[in-house]
Amino acid sequence: MTGSFRYPDVFLLITLFCLLFFLLIFTPLSSGNYLSISLVSSFTEPFANPEKSSNYSTPSSTQVASLDEALTSSMYRRIRHRVNSTKEKTSLERIEEDLAKARASILEAIQSKNYLSEKEESFIPRGSIYKNPYAFHQSHLEMMKRFKMWSYEEGEQPLVHFGPMNNIYGIEGHFIDEIEREGSPFRATHPDEAHMFFLPFSVANIVQYVYLPITKKQDYHRDRLQQIAMDYIGVVAHKYPYWNRSKGADHFMASCHDWAPEISVGKPELFRNFIRVLCNANTSEGFQPKRDVPLPEIFVPTGKLGPPNLGQAPNNRQILAFFAGRVHGPIRPILLEHWKDKDNEVRVHEKLPKGMNYTKLMGQSKFCLCPSGFEVASPRVVEALYAGCVPVLISDNYSLPFSDVLDWSQFSIQVPVAKIPEIKTILQAIPNEEYLKMQRRVLKVQRHFVLNKPAKPFDVIHMDLTPKIFIQNQQLGSPPPMDGSPPPMVPIKKKEKSVLEKKEEGLAEARAAIYRAARSRNYTSDKEESYIPRGNIYRNAYAFHQFSTFNLSSSIVLQLKSKIEMSHIEMMKRFKVWTYKEGQLPLTHVGPMDCIYSIEGHFIDEMGNGKSPFMAQHHHEAHAYFIPVSVVNIVKYIYMPVTDWHRRRMVRVVKDYVNLIADRWLTEMYSQAPGVTKDDPELYENFMRVLCNANTSEGFKPMRDISVPEYNILDKEKLNSFTLGQPPSNRSILGFFAGGKAHGDIRPLLFEHWENKDDEILVYEKVPDYNKMMEQSKFCLCPSGWEVASPRIIESLQAGCVPMIISDNYTLPFNDVLDWSKFSMFIPSSRIPEIKTILKGVSDKQYMKMQRRVMKVRMHFEINRPAKPFDAIHMVLHSVWIRRLNLKLSH
């Protein structure tokens with residue numbers, strides 16, 4: 001294997017470009033049929049149905065066997081030339097004329113069995129691995145000479161213009177990156193000169209940032225994925241004429257995610273002519289070999305473009321056949337059932353024994369078994385080629401990559417699933433001479449599966465662009481009218497943007513600013529910032545600072561760790577909240593100000609006092625809407641003295657209020673607040689709850705709801721009790737807790753194991769000077785009571801004591817932004833007996849670091865009136881903001 005083989009990206013891009021270009025050559029685009037597309041979802045209206053009357057010819061179901069067959073088909077013979085030579089050519093006519101010249105050159109190369117080039121070629125495809133090397137070579141030359149693509153610029157990262165660059169879906173990100181690379185020879189300077197149009201959304205990123213984490217069966221529904229794709233097409237179809245003029249036949253996408261084929265399921269008539277470049281090229285699931293393009297699945301290691309070359313010479317390969325991988329899909333269980341650890345020559349493992357190297361074993365094998373998993377494609381095919389191992393493809397309905405050009409029978413073995421029991425017999429029947437020929441062809445074909453950055457001629461990227469697109473475009477419709485008349489276009493009225501559209505546009509700008517901050521590791525601000533978040537207490541300090549404008553899914557909040565700093569800047573710049581005016585005191589618009597539930601009252605007052613910079617002047621300009629109901633006051637004034645604990649009256653009060661206005665989000669700190677939404681869960685399905693009692697076992701949804709810290713404010717005039725406490729070296733108590741014993745399920749366990757039983761772990765029901773003991777402690781134990789939250793967490797931070805949170809099912813406050821593992825310990829209740837062992841296991845050096853981080857993070861838990869940037873109230877608003885950014889509103 002040559003050194004250049006480590007870069008498979010280029011070949012794929014070249015091949016795909018050739019395929020795309022070839023498709024274009026043979027697909028005239030100016031057919032007189034146009035697709036009217038209306039904007040959908042958050043843009044305007046649903047898509048209009050395609051016109052029923054159409055002379056558009058649907059692609060034939062017969063698969064293209066080779067390039068020369070495609071080139072000599074009737075489409076080529078039907079090419080029309082311009083009649084009026086005196087008339088200036090349109091851009092579409094120039095494109096068609098250019099493609100006609102390319103077709104003629106390819107056909108001449110087939111007939112003469114030679115190629116025409118203006119320069120000396122560094123590589124000339126020859127040999128039996130190609131179905132027609134002359135057609136392929138000339139097609140590639142024409143592609144490099146003529147082919148231009150336009151990648152739409154609309155949309156924001158990471159859902160658009162950006163994909164994964166590593167692991168099993170890495171080829172998707174590299175493909176998008178290569179097509180949008182400024183130095184790409186295929187990049188059109190204007191869409192009018194483009195032969196093809198690329199929709200640069202990433203299915204893998206949509207799944208990661210819109211769907212994950214998946215917590216219930218309904219989360220698997222593809223409707224959000226389909227809607228995003230249709231939204232994007234709606235935007236470009238209204239902004240440009242290109243989708244309409246070809247019904248999407250010269251448009252394509254690329255994805256390696258196994259959900260990608262289902263993009264077109266939601267509205268199949270819209271995607272009928274659309275070209276999909278897919279790893280999951282399963283013909284039983286709608287993959288159309290004459291229209292769609294198979295993309296090889298390549299596992300891209302972090303920091304590399306391919307695995308190391310550990311392949312042995314053919315005579316040193318002692319293993320007949322090899323496979324290692326987990327049970328995945330319907331085929332592998334059959335393979336493992338028949339061959340797992342049962343044969344010395346056919347080595348099949350579910351998990352490699354310790355000390356064995358997967359890549360090395362492939363390099364020692366003659367044949368590498370490549371069974372499909374849940375999708376038909378497998379990275380093992382390319383891994384086998386990389387290792388110089390002849391692939392044994394075990395799959396049904398798999399349309400192999402580059403099969404328009406490559407003859408897979410010359411360098412691989414295909415075994416149907418039904419013949420898995422016969423694998424050894426089949427492989428042993430291959431003569432050694434035939435195996436040596438196939439192995440040499442494997443080494444020869446490797447270059448077409450190499451990923452390069454930037455892409456290079458004949459690598460994996462170029463292979464996907466080479467002949468396929470041309471062939472497909474040839475099949476797509478009737479020749480264009482060449483009389484110079486403009487194509488009939490669907491008139492599209494430009495209408496003034498609605499308030500909602502302007503609002504969404506502002507959020508999109510915010511998202512872009514946050515993403516730029518994350519990638520550049522810097523922030524942009526119109527003023528000098530008094531505080532700049534830095535350090536590992538933040539999941540991503542840059543995103544947090546700029547995050548307030550990030551309008552993506554809440555899973556981004558939890559998983560993108562590079563967007564923290566810019567967030568807050570964008571929130572301060574844009575975020576507006578409307579507090580509903582309806583309702584009367586004391587059940588609405590006021591809450592407790594000096595008790596264990598006091599954060600509720602302070603938050604309600606901050607949002608309703610008319611002084612907040614986040615207060616919207618009109619409800620139309622608001623990004624979020626606040627329902628100023630106080631659960632604490634409802635309990636106090638409706639339930640006290642308690643004779644009936646049933647929540648129905650509380651539920652009724654809130655439901656009546658929601659029925660009065662349009663709901664968006666709620667702030668409640670009382671332990672009964674989660675019960676508000678239990679009576680009518682459908683009504684509150686999308687409703688955001690800001691809760692102290694953030695218990696996931698009681699319905700708290702971390703992707704939707706917001707956890708807020710619990711405070712015990714005894715004096716509303718003295719909101720913060722932060723002290724320096726004792727220096728770390730003077731803190732003589734290892735672990736400390738004092739509080740009610742019979743309060744919830746966890747505290748009795750704590751007292752059972754530690755009350756008055758240890759000189760270093762001090763656990764009491766009452767102490768004379770609670771605050772002083774916290775200030776003398778290294779770690780402060782914070783067990784949950786009746787609710788998961790505890791004011792002791794804040795009290796620990798105030799005393800400079802590292803919190804040890806003892807809880808089950810607790811979603812910690814602000815964990816979208818803060819990395820609690822850097823300044824606290826978290827243990828489940830089952831590990832209470834191990835508390836001393838766990839704390840003793842923390843080195844002095846690590847404790848000192850954690851204590852310094854406690855001092856640093858305290859500012860985010862301060863309550864100020866009025867609120868200040870980065871304090872607790874702003875942190876709550878920030879959590880609301882990033883979830884609002886995830887929300888795309890429909891009209």
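Predicted model, so just to flag it, every value in this text is computed and none were measured.
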Quiz item: Which salt bridge (Lys or Arg N to Asp or Glu O under 4.0 Å) pairs, counting each pair once, include a residue from residues 733-753, with sequence neighbours left out?
Solution: K741-E755
Self-check item: Heavy-atom check, side chain of I733 versus side chain of M773, under 4.5 Å
Solution: yes
Practice problem: If the plane angle is over 60° it's perpendicular, under 30° parallel, otherwise tilted; pick one for H874 and F614. | Solution: perpendicular
Quiz item: Sub-3.5 Å donor-acceptor pair from the side chain of D705 to the main-chain atoms of R689, do we have one?
Solution: yes
Exercise. Check for a donor-acceptor pair, side chain of H589 on one end and backbone N or O of K581 on the other, with a separation under 3.5 Å.
Key: yes
Exercise. With the side chain counted from C-beta on, respond yes when D844 and K778 share a heavy-atom pair under 4.5 Å apart, and no when they do not.
Key: yes
Practice problem: Return yes if some donor-acceptor pair links the side-chain N/O of D871 with the main-chain N/O of I863 below 3.5 Å, else return no. | Solution: no
Quiz item: Can any side-chain N or O of N633 pair as donor or acceptor with the backbone N or O of P586 at less than 3.5 Å?
Solution: yes
Self-check item: Distance-minimising heavy-atom pair for L812 and S707
Solution: C-OG, 3.6 Å
Quiz item: CD/E862 to CD1/I873 distance, rounded to the nearest 0.5 angstrom?
Solution: 11.5 Å
Quiz item: About how many Å separate NZ of K836 and NE2 of H753, when rounded to the nearest 0.5 Å?
Solution: 14.5 Å
Quiz item: Short question: side chain of R792, backbone of L781 - any donor-acceptor pair under 3.5 Å?
Solution: no
Quiz item: Would a 4.5 Å heavy-atom cut-off, applied to side chains only, mark H878 and F814 as touching?
Solution: no
Self-check item: Check: S777 side chain, C780 main-chain N or O, donor-acceptor pair, under 3.5 Å
Solution: no
Quiz item: Would you say the side chain of P709 lies within less than 4.5 Å of the side chain of I599, judging by non-hydrogen atoms?
Solution: no
Quiz item: With sequence neighbours excluded, what pairs up with C782 under the disulfide (SG to SG under 2.5 Å) test?
Solution: none
Quiz item: Sub-3.5 Å donor-acceptor pair from the side chain of N771 to the main-chain atoms of A799, do we have one?
Solution: no
Self-check item: Charged N-O contact under 4.0 Å between E775 and R731
Solution: no
Quiz item: In Å and rounded to the nearest 0.5 Å, what is the CE to OG1 distance from M703 to T811?
Solution: 11.5 Å
Quiz item: Do W754 and I832 have side-chain heavy atoms sitting under 4.5 Å apart?
Solution: yes
Practice problem: Using the disulfide bond (SG atoms under 2.5 Å apart) rule, collect all pairs that involve residues 817-849, keeping only residues at least two apart or in two chains. | Solution: none
Quiz item: So, Q851 side chain and G800 main chain: donor-acceptor pair closer than 3.5 Å or not?
Solution: yes
Quiz item: Given F861, which of F870, Y711, W820 fulfils the ring pair (Phe, Tyr, Trp, His ring centres under 6.0 Å) condition?
Solution: W820
Quiz prompt | Parallel, tilted or perpendicular: ring planes of H623 versus F575, cut at 30 and 60 degrees | solution = tilted
Quiz item: Hey, does M804 have a side-chain heavy atom less than 4.5 Å from the side chain of S824?
Solution: no
Self-check item: Heavy-atom closest pair, residues P158 and N205
Solution: O-ND2, 2.8 Å
Quiz item: How many angstroms lie between atom OG of S612 and atom CG of L877, to the nearest 0.5 angstrom?
Solution: 6.5 Å
Self-check item: Heavy-atom side-chain proximity of Y580 to Y657 below 4.5 angstrom
Solution: yes
Exercise. Could you tell me whether the side chain of I604 reaches within less than 4.5 Å of the side chain of V590, counting heavy atoms only?
Key: no
Quiz item: Does the side chain to side chain donor-acceptor pair (under 3.5 Å) test come out yes or no for E710 and Y597, once each step is laid out?
Solution: CA-CA 7 Å; E710 188 169 84; Y597 305 123; over 6 Å; no
Quiz item: Would you find more than 12 non-hydrogen atoms of other residues, nucleotides or ligands less than 6.0 Å from Q846 atom CD?
Solution: yes
Quiz prompt | Flag, side chain of D758 to backbone of I761, donor-acceptor distance under 3.5 Å | solution = yes
Self-check item: Face-on cation placement of R649 at Y639 ring, 6.0 Å and 45° thresholds
Solution: yes
Exercise. Kindly indicate, with the supporting measurements, whether the criterion side-chain contact (heavy atoms from CB on, under 4.5 Å) is fulfilled by M875 and L818.
Key: CA-CA 10 Å; M875 291 293 281; L818 300 179; 4.3 Å; yes
Exercise. Tell me, with the steps shown, if N695 and E787 meet side-chain contact (heavy atoms from CB on, under 4.5 Å).
Key: CA-CA 8 Å; N695 190 335; E787 59 178 286; over 6 Å; no
Quiz item: Can you list the steps and then say if S732 with Q776 is a side chain to side chain donor-acceptor pair (under 3.5 Å)?
Solution: CA-CA 6 Å; S732 56; Q776 293 173 348; 5.3 Å; no
Practice problem: Would you sort out whether R865 and M593 count as a side-chain contact (heavy atoms from CB on, under 4.5 Å), showing the intermediate values? | Solution: CA-CA 12 Å; R865 301 304 313 279; M593 304 291 278; 3.9 Å; yes
Exercise. Test side-chain contact (heavy atoms from CB on, under 4.5 Å) on F736 and V767 and set out the steps.
Key: CA-CA 11 Å; F736 167 71; V767 291; 4.2 Å; yes
Exercise. Before giving the answer on ring-ring contact (aromatic ring centres under 6.0 Å, His included), spell out for F779 and Y847 the whole-Å C-alpha distance, their side-chain angles and the decisive distance to 0.1 Å.
Key: CA-CA 9 Å; F779 297 92; Y847 161 70; 5.5 Å; yes
Quiz item: Would you say K757 has more than 12 foreign heavy atoms packed within less than 6.0 Å of its NZ?
Solution: yes
Practice problem: Evaluate the salt bridge (Lys or Arg N to Asp or Glu O under 4.0 Å) criterion for residues E760 and K840: first the C-alpha distance (whole Å), next the side-chain angles of each, then the deciding distance (0.1 Å), finally the verdict. | Solution: CA-CA 10 Å; E760 293 183 280; K840 285 282 192 180; 2.9 Å; yes
Quiz prompt | Backbone of K822 reached by a side-chain donor or acceptor of R853 within 3.5 Å | solution = yes
